[in-house]
Protein chains: 2
Amino acid sequence: MKLSSKGRYGLKAMCELATHYGEGALSLPQIAASTGLSEKYLEQLLTALRKDGLVKASRGASGGYYLTAPPDEITVGSVLRCLENGLKIVDCIDGECCNAAGCSTRGVWEKLYRAINECLDGMTLAKLTEEQ
Amino acid sequence: MKLSSKGRYGLKAMCELATHYGEGALSLPQIAASTGLSEKYLEQLLTALRKDGLVKASRGASGGYYLTAPPDEITVGSVLRCLENGLKIVDCIDGECCNAAGCSTRGVWEKLYRAINECLDGMTLAKLTEEQ
DNA sequence: ATCAATCCCTATCAATTTACTATGGTATAT
DNA sequence: ATATACCATAGTAAATTGATAGGGATTGAT
């Protein structure tokens with residue numbers, strides 16, 4: 001059970017956007033430079049975040065990405081759910097369970113899923129940038 | 001961020017041992033039959049659990065595996081930490097952090113790590129078999 | 001003491017996932 | 001007009017995972 005690079009890097013990028021919130025759009029090369037990622041890889045992450053409505057993009061010269069809400073209204077959970085396949089730690093979180101015999105391990109996954117989401121939804125981007 | 005088969009199947013096997021606690025050892029073929037796993041694969045899981053002191057093995061005819069403690073003293077957390085590489089969701093949980101610039105995402109991982117462990121350590125094998 | 005049943009160890013391998021690169025196109029503000 | 005930015009699709013090497021296989025070594029029951 002490991003977090004993927006998408007989640008780790010994506011959250012960093014979102015923090016970068018959070019620290020510059022209200023200053024207009026941040027271009028892809030700018031974010032790439034401050035996070036140390038390649039532009040093309042970062043682009044994939046931002047596209048996913050955009051499709052989930054967490055960021056918006058303005059095109060053309062001096063365009064770039066910016067948060068769709070103030071940093072204190074964007075939770076870490078919403079960012080990671082976007083980049084970590086809904087934070088589904090097992091396949092049967094929402095579907096039917098494959099539990100035929102044996103004991104009910106399903107309850108474990110459901111409780112763990114809830115704990116993870118509650119923990120991450122209790123943190124906002126604003127809190128992270130404040131701590132820095 | 002997904003749980004591996006080792007964790008999922010290993011917990012099932014431990015539940016199987018829990019339901020037969022006090023009845024002597026359960027042989028590998030017996031556990032394999034009730035969980036639907038191959039004997040050889042299950043063997044790897046049980047070896048890991050044995051090295052962590054969660055189960056013991058008795059050899060020879062009519063031997064097998066059994067829990068080293070009553071089911072209400074074995075937490076789900078201890079089982080999954082054994083099979084999921086200590087539940088370390090990122091590499092820098094215990095070591096130094098690679099955070100040079102940007103924001104402190106490290107605090108997120110530490111809080112999440114704690115939340116996961118607290119959740120899983122709040123559940124015992126006894127609870128799971130009761131619910132069944 | 002023997003022997004059959006069990007646990008123990010190491011290596012291997014295919015499938016999947018992940019992380020990242022590459023190419024080219026399309027829209028837009030200056 | 002054009003440079004600058006975003007958008008979309010493929011492809012690929014490395015790492016991880018999930019599982020299989022074979023052959024010991026040890027022990028308890030007879």
Side-chain angles (χ1 to χ4, degrees), chain A residues 1-13 17 24-33 35-68 80 82-91 98, chain B residues 1-13 17 24-33 35-68 80 82-91 98:
Chain A
M1 194 157 90
K2 242 183 197 171
L3 223 79
S4 73
S5 294
K6 273 169 84 174
R8 282 185 291 120
Y9 291 147
L11 185 57
K12 271 200 180 181
L17 288 178
L26 234 59
S27 76
L28 195 55
Q30 281 178 302
I31 307 173
T35 55
L37 299 173
S38 83
E39 299 185 15
K40 282 302 181 184
Y41 184 51
L42 185 60
E43 205 180 340
Q44 292 177 14
L45 308 184
L46 286 169
T47 297
L49 291 164
R50 183 180 53 84
K51 286 183 178 169
D52 265 30
L54 294 168
V55 303
K56 273 188 181 168
S58 66
R59 333 228 295 211
S62 80
Y65 292 93
Y66 55 95
L67 299 182
T68 53
L80 292 182
C82 169
L83 298 169
E84 295 281 342
N85 192 32
L87 286 173
K88 286 177 189 157
I89 51 176
V90 291
D91 286 333
C98 45
Chain B
M1 193 156 89
K2 241 182 198 169
L3 223 80
S4 72
S5 294
K6 273 169 85 174
R8 282 184 290 121
Y9 291 147
L11 185 57
K12 272 200 180 182
L17 288 177
L26 233 58
S27 76
L28 196 54
Q30 281 178 303
I31 308 173
T35 56
L37 299 173
S38 82
E39 299 185 16
K40 283 301 184 183
Y41 184 50
L42 185 62
E43 204 179 341
Q44 293 177 14
L45 308 183
L46 287 169
T47 297
L49 291 164
R50 184 180 53 85
K51 287 184 178 168
D52 265 30
L54 294 168
V55 303
K56 272 189 182 169
S58 66
R59 334 231 290 210
S62 79
Y65 292 94
Y66 55 95
L67 299 182
T68 53
L80 292 183
C82 169
L83 299 169
E84 295 281 341
N85 191 32
L87 286 173
K88 287 178 189 161
I89 51 176
V90 291
D91 286 334
C98 46

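Just so we're on the same page: letters track the sequence lines, and every chain starts at 1. Basis for what follows: all heavy atoms, side chains included, without hydrogens, waters or symmetry-related copies.
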*Using the test side-chain hydrogen bond (donor to acceptor under 3.5 Å, both in side chains), find all partners of T35(B) that sit at least two apart in sequence or belong to another chain.*
none

*Is there a side-chain contact between K2(A) and K88(B), using heavy atoms and a 4.5 Å cut-off?*
no

*Can you tell me how far P of dT26(D) sits from NZ of K56(B), to the nearest Å?*
19 Å

*Summarise how protein sits on nucleotides 5-12 of chain D as a single string, 5' to 3': B when a protein heavy atom is under 4.0 Å from the base, S for sugar-phosphate-only contact, - for no contact.*
SSBB-B--

*Locate the shortest heavy-atom distance separating A32(B) from E39(B); write the atom from each residue and the value.*
CB-CG, 3.8 Å

*Leading and trailing nucleotides of DNA chain C with any atom under 4.0 Å from heavy atoms of chain B*: dT6(C) to dA11(C)

_With rounding to the nearest 0.5 angstrom, report the CG to CG distance, L83(B) to L11(B)._
8.5 Å

*asked:* Using the side-chain hydrogen bond (donor to acceptor under 3.5 Å, both in side chains) criterion, which residues pair with T47(B)? Sequence neighbours excluded.
replied: none

*State which residues pass salt bridge (Lys or Arg N to Asp or Glu O under 4.0 Å) with E43(A); sequence neighbours excluded, sorted by chain then number.*
K40(A)

*Smallest separation among heavy atoms of A13(A) and I31(A), with atom names*: CB-CG2, 4.1 Å

*Please give, in whole Å, the distance from dA21(D) C1' to L42(B) CG?*
16 Å

List, one per line, each side-chain donor-acceptor pair under 3.5 Å for residues 61-68 of chain B, sequence neighbours excluded.
from   : atom 1 : to     : atom 2 : distance (Å)
T68(B) : OG1    : G53(B) : O      : 2.8
T68(B) : OG1    : L54(B) : O      : 3.1

